[in-house]
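Heads up, the thing below is written out as structure tokens.
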Amino acid sequence: PPPPPPPPPPPPPFSSRRRHTRSYLKSRGLGDVYKRQAVIPAMADTVAADLLVYRVSEVGTEPYFSRVLVTPRHVRMDEGSDDAGYTLFDRTERVFYNVDPADRTVLVIDPPLSRSQPPMPLELTEEPSPVVPPASLDGVALKGYRLLANGVLCSELQAAPGLLSAAVDALAEFYDRLSYQHAVVIPGMPADLLEACDLAQNVFAPRRSYGFGLPVTERSARVDRQLVDHGAAVPASDGLFEVPPDYRRVPMPGVPARE
């Protein structure tokens, strides 16, 4: 018989943008079906929130939906359910709260205020790329880009410039703040595990994907994202942007205390 195939390579240090930002819940196998849930329980107080929903496919997992709700004070990320786990970013405190109802805990992620320099030179370039139909969203023509780091293709995206710009800015802020948490592990990583694309996307240039407008599709070797729903100033329950006061709070291990 032929020899067995070689084992797969080890996972990258930053396998996706959702690392450290999702509750520890298994994918619910939603496939291609997405229906917008009401985000207003009966008689609830409401706040206007911009809504983005992406269908996400990652290597080794079933597709899932990532719902983003944005207000001037908060960014909430979940898998489309009001009752399951979620991540809440307080834009004023600049702290992440990863809420897990299953064990009634809140993982508090308060990243450092500074980070080290890149462990290798990073040359970031962008190239235009053809737009795959449909070529517009809400009447806004999409533009395509190829994002490279040190000459290596990191991802290809299509963006709608100017659409839901407040939500786009909030996502850029979210990932920029999270990058300071990712940077904590860089000094202790072996050099052969450091990749220019991962360093750029997750640590030293996390805003790059949001500099062209609202990402409608984004594809890389490990993750595909496709926008399947969006809306401006959608009424949402105030309770979606709260941290349960009776849950046990757990600090993120290995994060130096903020001075």
Side-chain angles (χ1 to χ4, degrees), residues 11 14-31 33-56 58 60-113 167 170-171 173-175 177-182 184-185 202 223 229 234-258:
F14 307 109
S15 61
S16 75
R17 287 182 178 274
R18 67 187 178 121
R19 177 166 294 215
H20 300 314
T21 61
R22 287 182 65 215
S23 295
Y24 303 110
L25 302 174
K26 294 182 179 179
S27 170
R28 294 176 293 140
L30 296 175
V33 180
Y34 171 78
K35 294 182 179 179
R36 183 188 295 190
Q37 292 190 358
V39 289
I40 318 172
M43 307 300 293
D45 293 330
T46 63
V47 61
D50 289 343
L51 169 72
L52 301 171
V53 181
Y54 289 92
R55 183 181 184 273
V56 184
E58 296 189 48
T61 67
E62 294 185 10
Y64 63 92
F65 292 109
S66 176
R67 180 178 67 171
V68 183
L69 293 166
V70 176
T71 71
R73 174 69 187 263
H74 294 102
V75 177
R76 173 184 166 122
M77 290 190 179
D78 56 44
E79 291 189 351
S81 170
D82 296 351
D83 303 316
Y86 60 95
T87 293
L88 191 68
F89 175 50
D90 188 313
R91 302 175 69 182
T92 299
E93 296 180 358
R94 300 183 62 74
V95 173
F96 299 88
Y97 300 94
N98 199 59
V99 180
D100 190 344
D103 57 9
R104 299 175 64 84
T105 59
V106 180
L107 179 64
V108 181
I109 307 173
D110 186 5
L113 297 178
L171 281 173
E173 178 186 343
F174 180 102
Y175 287 115
R177 185 72 184 114
L178 189 62
S179 71
Y180 285 77
Q181 171 61 35
H182 288 156
V184 171
V185 302
N202 293 290
V223 184
D229 195 12
V234 175
S237 168
D238 278 349
L240 294 177
F241 304 96
E242 296 176 353
V243 178
D246 56 336
Y247 282 20
R248 181 170 60 92
R249 297 198 175 197
V250 181
M252 184 71 185
V255 179
R258 184 186 295 190

Starting from the C-alpha separation in whole Å, work towards a yes-or-no answer on side-chain contact (heavy atoms from CB on, under 4.5 Å) for V95 and I109.
CA-CA 6 Å; V95 173; I109 307 173; 5.9 Å; no

I would like to know whether N98 and T87 meet side chain to side chain donor-acceptor pair (under 3.5 Å); could you show each step before the answer?
CA-CA 4 Å; N98 199 59; T87 293; 2.6 Å; yes

Quick one, V56 with F65, criterion side-chain contact (heavy atoms from CB on, under 4.5 Å). Give me CA distance, side-chain angles, the key distance, then yes/no.
CA-CA 6 Å; V56 184; F65 292 109; over 6 Å; no

As a quick check of understanding, evaluate side-chain contact (heavy atoms from CB on, under 4.5 Å) for L69 and L51, giving each step before the final call.
CA-CA 5 Å; L69 293 166; L51 169 72; 3.6 Å; yes

T46 vs D238, test: side-chain contact (heavy atoms from CB on, under 4.5 Å). Steps then yes/no.
CA-CA 5 Å; T46 63; D238 278 349; 5.6 Å; no

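Without hydrogens or angle criteria, R177 side chain to P111 main chain gives a donor-acceptor distance under 3.5 Å.
Scanning both residues, P244 and Y86, for their nearest heavy atoms gives CD-OH, 3.3 Å. In terms of heavy-atom proximity, Y180 sits nearest to L113 at CE2-O, 3.7 Å. The shortest heavy-atom contact between A49 and A236 is CB-CB, 4.2 Å.
You'll find the side chain of Y247 stays beyond 4.5 Å of the side chain of T105, heavy atoms only. Taking 4.5 Å as the limit, every side-chain heavy atom of N202 sits out of range of all side-chain heavy atoms of S179.
Between R249 atom CZ and L107 atom CG the span is 11.5 Å, to the nearest 0.5 Å. Annotation: the span from H182 atom NE2 to Y175 atom OH amounts to 9.5 Å, rounded to 0.5 Å.
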Identify each donor-acceptor pair in which a side-chain atom of residues 71-78 lies under 3.5 Å from a protein atom, sequence neighbours left out, and give them as a table.
from, atom 1, to, atom 2, distance (Å)
T71, OG1, R73, N, 3.2
T71, OG1, H74, N, 2.9
R73, NE, D90, OD1, 2.8
R73, NE, D90, OD2, 3.3
R73, NE, T92, OG1, 3.3
R73, NH2, D90, OD1, 3.4
R73, NH2, D90, OD2, 2.8
R76, NE, D78, OD2, 2.7
R76, NH1, L240, O, 2.9
R76, NH2, D78, OD2, 3.2
R76, NH2, S81, O, 3.4
D78, OD1, R67, NE, 2.9
D78, OD1, G80, N, 2.8
D78, OD2, R67, NE, 3.3
D78, OD2, R67, NH2, 2.8

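Classification of the F89-F96 ring pair by plane angle, with boundaries at 30° and 60°, yields parallel.
Every salt bridge (charged side-chain N to carboxylate O under 4.0 Å, His left out) that D246 has, sequence neighbours left out, goes to R104.
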